[in-house]
Number of protein chains: 2
Amino acid sequence: MDKDIQQVTSLIGDPVRASILWALTDGRAYTATELSVTINTSPQNMSMHLSKLIKGELLTVESQGRYKYYRIAKPEVAHALEAIACLVPEDKHKKKTIQPEEKAIRYCRSCYGHLAGKVGVLVNEALLAQKIIQPVDNLYAVTKKGEAFFADLKIDIALLQKQRRIFAKPCLDWSERKHHLAGSLGTALLNSMLELDYFRRSKNSRTILVTGKGQTQLFQKLKISV
Amino acid sequence: MDKDIQQVTSLIGDPVRASILWALTDGRAYTATELSVTINTSPQNMSMHLSKLIKGELLTVESQGRYKYYRIAKPEVAHALEAIACLVPEDKHKKKTIQPEEKAIRYCRSCYGHLAGKVGVLVNEALLAQKIIQPVDNLYAVTKKGEAFFADLKIDIALLQKQRRIFAKPCLDWSERKHHLAGSLGTALLNSMLELDYFRRSKNSRTILVTGKGQTQLFQKLKISV
DNA sequence: GATACAGTTCATTGGAGACTGTACTGTTAA
DNA sequence: TTAACAGTACAGTCTCCAATGAACTGTATC
């Protein structure tokens, strides 16, 4: 038993691995590259640490194309990390400023070119509710009504469908645990909305800001209040 | 915050320090030499590690003559360790032949002053089933019926509730993966049952033995067969 | 007093393992 | 097809820090 505990603690004990685990405690999944950027270490090093965490059954991986999404393996891991966080000496807690950036990234962000977060999920739900898109065996198809909607946003559906890339599909949103729109249509939609100044990207972050114009347009077109 | 977590994890991460902490999770105090013998390392090395744990506020010392008694600084530390113990990969439990002493410690032990192991979990389940305690937002409360039960064991509920320490809460048991009773009520219950000779501590181990009297009383009072 | 023991301090050493550079596989996009 | 990118594998380097030996303080017992 003692040996087992030692193995787990030395796994958690490394500073880089501790940072990885801590970054993942919110339950969202990140790619190896994303993690290596936020933790500020090389991709090879990150790969090494991630494989150790996988082997120790603290993380799980999910492959999506050339990306690999890493996430906490089970609730017990997050629980243990929270328990460890409680052991930080008291005097260190002086500066308990809760960062608003965390809140922002959960609200609206880009996810490999398409819209994610709470806003991304709301948009997807609205597109379905208004029958602009509809599910067809695990993918999405654009309806007659939808064609007009996308044309209005200067999106050429026919052109997108000619591409080899998947046209439109649901993608599980890590912060909301619901689906948002992915595929070339998802990318085109976000690009168009950025172009039209509904949204603006923020620097050095995946966070996306909703403009005043975006608020009014999203309400008019999709009946969404953001 | 990230730096703080790293400091705590690398403190826990060292194999020797992990063993020290694990050896102290029963809440009892040990001298430096005792620890260096059980952990099997030199006194100087033990001294070095202990001073780091003290500095990190995970342990406290108490001097008595030429001896120094080391113990876990606060319940949160024991809690974090138990949480970490839950992360030991499943297959490790199965394939290794569990030694008799290991079996004993899994069956019944003390965990920072309260009862743990299979017996600890059974007792907790019985207390809940018989409506002696009931869950109230992640804590436990004593029912009317329960007051009589604890009074019978010479436990003064009112006195315990006046303390600053948490009165009663569930604590995840590493060997059973279920909850046992923690908090001042849990401590009082174990002390009372030791006093009444339901249980006896074994020397140099966290293992607790159930006496004949304990077996009959636990069956009479809680309908538990141990 | 002398002796034995608990625990600590400090300089030195040794080695585990984290990191880097290079080179590779597999996937996506044009 | 080619190019770009995500991620991995491996060998070599380097660095931190645990462990050691020797010497010390302080306490108990004779």
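Chain identifiers are assigned alphabetically (A, B, ...) following the order of the sequence lines, protein sequences preceding nucleic acid strands; residue numbering begins at 1 within each chain. This one's a predicted model, so the numbers in the text were calculated from it and none came from an experiment. Quick note: numbers below take in every heavy atom, side chains included, and nothing from hydrogens, waters or symmetry partners.
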Could you tell me whether a side-chain N or O of [X] sits under 3.5 Å from a main-chain N or O of [Y], the two making a donor and an acceptor?
X: B:Ser192; Y: B:Ala188; answer: no
X: B:Thr31; Y: B:Tyr67; answer: no
X: B:Ser10; Y: B:Gly13; answer: no

Between [X] and [N], is there a contact of a side-chain N or O with OP1 or OP2 at under 4.0 Å?
X: B:Thr33; N: C:dG7; answer: yes
X: B:His49; N: D:dC17; answer: no
X: A:Lys68; N: D:dT8; answer: yes
X: A:Ser42; N: C:dT20; answer: yes
X: A:Arg17; N: C:dA18; answer: yes

Rounded interatomic separation in angstrom, taking [atom1] from [X] and [atom2] from [N]:
X: B:Asn45; N: D:dA18; atom1: CG; atom2: C1'; value: 6 Å
X: B:Leu50; N: C:dT8; atom1: CG; atom2: P; value: 7 Å
X: A:Tyr30; N: D:dA6; atom1: OH; atom2: P; value: 17 Å
X: A:Asn40; N: C:dA18; atom1: CG; atom2: C1'; value: 15 Å
X: B:Lys52; N: C:dT8; atom1: NZ; atom2: C1'; value: 15 Å
X: A:Arg66; N: D:dA3; atom1: CZ; atom2: P; value: 16 Å
X: A:Leu53; N: C:dG17; atom1: CG; atom2: P; value: 15 Å
X: B:Glu34; N: C:dC5; atom1: CD; atom2: P; value: 16 Å

Check your understanding: Does A:Lys52 come within less than 4.0 Å of A:Asp14, counting only side-chain N to carboxylate O?
Key ->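 Judged by the 4.0 Å cut-off on N to carboxylate O distance, A:Lys52 and A:Asp14 do not form a salt bridge.
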**Study point:** Lys/Arg N to Asp/Glu carboxylate O, A:Glu62 vs A:Lys68, below 4.0 Å
**Key:**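 Between A:Lys68 and A:Glu62 there is no salt bridge, as every charged N stays at least 4.0 Å from the carboxylate O atoms.
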Check your understanding: Ignoring hydrogens and angles, does a donor from either the side chain of B:Gln44 or the base of D:dG21 sit under 3.5 Å from an acceptor on the other?
Key ->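 Answer is yes: a donor-acceptor pair is held.
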Review point. B:Thr31 near the nucleic acid: base, sugar-phosphate alone, or nothing, with a heavy-atom cut-off under 4.0 Å?
Key: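 The answer is sugar-phosphate, as B:Thr31 gets under 4.0 Å only of primed atoms, P, OP1 or OP2.
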Review point. What is the nucleic acid contact for B:Tyr69, judged by heavy atoms within less than 4.0 Å: base, sugar-phosphate only, or nothing?
Key: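 Nothing, no heavy atom under 4.0 Å.
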